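Before any comments, here is the structure.
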Amino acid sequence: MSFSLDDLPLRDDLRGLTPYGAPQKKVPVALNVNENTHPVPADVARDIVASIAEALHEVNRYPDREFTALREALAAYLGHGVTPEQIWAANGSNEVIQQLLQAFGGPGRSVLGFPPTYSMHSIITVGTGSTWVEGRRDEGFGISPETAVAEIERVRPDIVFFCGPNNPTGTPLDLATVEAAYDATDGIVFVDEAYAEFMPPGQPTALTLLEGRPRLVVSRTMSKAFAFAGARVGYLAAHPAVADALRLVRLPYHLSSLTQAAAVAALRHADEMLAMVDDIRGQRDRIVRELAAMGYEPWPTWSNFVLFGGVGDPSDVFERLLERGIIVRDLGIPGHLRVSAGTEAETTAFLDALRDIRLSS
Ligand code: PMP
């Protein structure tokens, strides 16, 4: 007798939903989930391992529930006058977002997001029993202050979600939009800055808006620029009262002592860890140039990936790249695929394969 999910007494609001599902395939060139494809430098890796070994001596004890050393290191890394009391961290920014929604969302509360955007924003919203409401973007995927305010007035959400630069489009987020949104709502304004380090150097981020805005929350991650996706470390900066709210919903000791030790060690080497960011930006700009030369339509991007249109049959091109050992992302946006910028060699492999496919079709 077969038994399936449908036979379980699942929550009604979860019935029929699809889980997060970026394919995980072992291929030589994986450019599908916007990872940093450069491994952690060997000397940094040695220091991280030594720090984990040290932490292991006390692994019989629960970790520092307040991850004090990590909050200090993250605050120092962020700068902008952010203090350790303003920092909160968890196992990836996905968990940070989940805790945020556990505290400020939930049944009867709504979240306004602006698709196409990071798929987990809506998945976590629904998973916490909150209601996801789709706002509209302007032409070209931007969100003007006027558009944001109009959508907030229409939806009256409890939480507004922005993503800057936006995944999957790479579109920059206008800080005037964040300011206008904040003034237009009494709710939480959340800005996901997972890709902030890939913005053009010197561009202001939403961190510059935190002062005097206690309902503004800015999240970051070590998964992208820091090449630390497997370690699972994400964090946010906000008014210290926001961290107090998250203490109500987090599981005690949610960040393992090994994770804390690894992240603090990596942050000691921030400069070296981030040395690849310039290379990645260079490969991203190369992808934009070369795709345009091939006749595709890449969107402007401030991130470590490129969304490009002009793809006749995205699922066919996806499969043909896969046959050549290259995985990109088909997000179901008609005529589009998304590719992460890799090392120079990976990027070359992708561009050569695509050129080949284009010529043979
Ligand atoms: N935010 C955005 C916009 C992302 O694209 C991702 C990962 N793809 C995340 C958050 C999650 O990152 P993590 O949980 O690894 O910190």
Side-chain angles (χ1 to χ4, degrees), residues 19-24 30-37 40 67 70 74 77-78 87-102 111 113-125 127-128 132 137 141 143 159-173 178 189-199 205-207 217-237 246 250 254-256 259-260 262-263 266-267 273 280 284 299 301-307 327-331 333 338-342:
Y20 177 81
Q24 281 202 303
L31 302 174
N32 63 330
V33 283
N34 303 337
E35 292 154 331
N36 185 332
T37 66
V40 172
F67 39 99
L70 178 57
L74 288 169
Y77 166 68
L78 281 185
I87 298 284
W88 186 257
N91 297 281
S93 45
N94 284 334
E95 190 183 24
V96 171
I97 297 168
Q98 185 176 51
Q99 293 174 341
L100 192 76
L101 287 172
Q102 285 175 322
V111 178
F114 295 87
T117 194
Y118 178 42
S119 63
M120 283 308 297
H121 288 172
S122 54
I123 292 176
I124 300 170
T125 297
T128 55
W132 174 255
R137 287 177 178 267
F141 298 127
I143 311 169
I159 308 175
V160 184
F161 265 39
F162 292 112
C163 187
N166 185 51
N167 178 10
T169 60
T171 318
L173 175 63
V178 180
V189 175
F190 172 72
V191 182
D192 184 333
E193 288 197 341
Y195 301 98
E197 286 93 344
F198 300 103
M199 289 168 43
T205 89
L207 293 173
V217 178
V218 181
S219 79
R220 294 284 187 98
T221 180
M222 290 183 72
S223 295
K224 310 294 176 180
F226 258 91
F228 228 45
R232 311 304 301 127
V233 184
Y235 54 102
L236 62 72
L246 302 186
R250 63 97 179 270
H254 67 285
L255 265 182
S256 97
T259 303
Q260 295 185 38
L267 286 159
M273 295 287 278
I280 297 166
R284 170 200 67 197
W299 289 91
T301 170
W302 278 13
S303 194
N304 67 340
F305 53 83
V306 181
L307 180 75
I327 188 164
V328 298
R329 195 75 186 274
D330 178 3
L331 292 140
I333 303 177
R338 190 194 68 191
V339 63
S340 313

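Starting from 1, each residue takes its place in the sequence as its number. Atoms within a ligand are numbered from 1 in the order they appear, just like the ligands themselves. All values derive from a computational prediction rather than experimental measurement.
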Below 4.0 Å from any atom of ligand 1, is there a heavy atom belonging to A229?
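Under 4.0 Å: no for A229.
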Measuring from atom 14 (O) of ligand 1, which candidate in E35, M222, R232 has the nearest non-hydrogen atom?
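Nearest option to atom 14 (O) of ligand 1, by heavy atoms: R232.
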As a check for students: among T117, T221, V233, identify the option with a heavy atom nearest to atom 16 (O) of ligand 1.
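The option holding the nearest heavy atom is T221.
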For the residue pair N34 / R329, report whether a side-chain donor-acceptor contact shorter than 3.5 Å exists.
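Result is no, nothing qualifies.
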[atom]: which protein heavy atom is closest, and how many Å away?
{"atom": "atom 8 (N) of ligand 1", "answer": "K224 NZ, 3.0 Å"}
{"atom": "atom 6 (C) of ligand 1", "answer": "Y118 CZ, 3.4 Å"}
{"atom": "atom 5 (O) of ligand 1", "answer": "Y195 OH, 2.6 Å"}
{"atom": "atom 1 (N) of ligand 1", "answer": "D192 OD2, 2.6 Å"}
{"atom": "atom 12 (O) of ligand 1", "answer": "S93 OG, 3.3 Å"}

Run the numbers for me: atoms of ligand 1, each under 4.0 Å from some heavy atom of [X], listed by number.
{"X": "S223", "result": "13 (P), 15 (O), 16 (O)"}
{"X": "G92", "result": "13 (P), 14 (O), 16 (O)"}
{"X": "C163", "result": "3 (C)"}

Got Q99 and H254 here, is their nearest side-chain heavy-atom distance under 4.5 Å?
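Q99 reaches H254 side chain to side chain.
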Which class fits the ring pair Y195 and F198: parallel under 30°, tilted 30 to 60°, perpendicular over 60°?
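Rings of Y195 and F198: tilted, 30 to 60°.
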In terms of relative ring orientation, are F162 and F114 parallel, tilted or perpendicular, with 30° and 60° separating the classes?
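If you compare the ring of F162 with that of F114, the planes turn out parallel.
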Taking the ring centre of each residue, are W88 and F67 less than 6.0 Å apart?
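Distance test on ring centres: under 6.0 Å, yes.
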Indicate yes or no for a side-chain donor-acceptor contact from N36 to the backbone of A225 under 3.5 Å, with no hydrogens or angles considered.
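Side chain of N36 to backbone of A225, a donor-acceptor pair under 3.5 Å: yes, one is there.
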Verify, without hydrogens or angle tests, whether T221 (side chain) and G234 (backbone) share a donor-acceptor contact under 3.5 angstrom.
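Flag not set: sc T221 to bb G234 has no pair under 3.5 Å.
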Checking side chain to side chain contact (heavy atoms under 4.5 Å, CB included) between L173 and each of N166, V178, T205, which is the one that passes?
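Between L173 and the candidates, side chain to side chain contact (heavy atoms under 4.5 Å, CB included) is satisfied uniquely by V178.
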Once you restrict to heavy atoms under 4.0 Å, what part of N94 touches ligand 1? Side chain, backbone, both or neither.
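Contact part for N94 vs ligand 1: both backbone and side chain.
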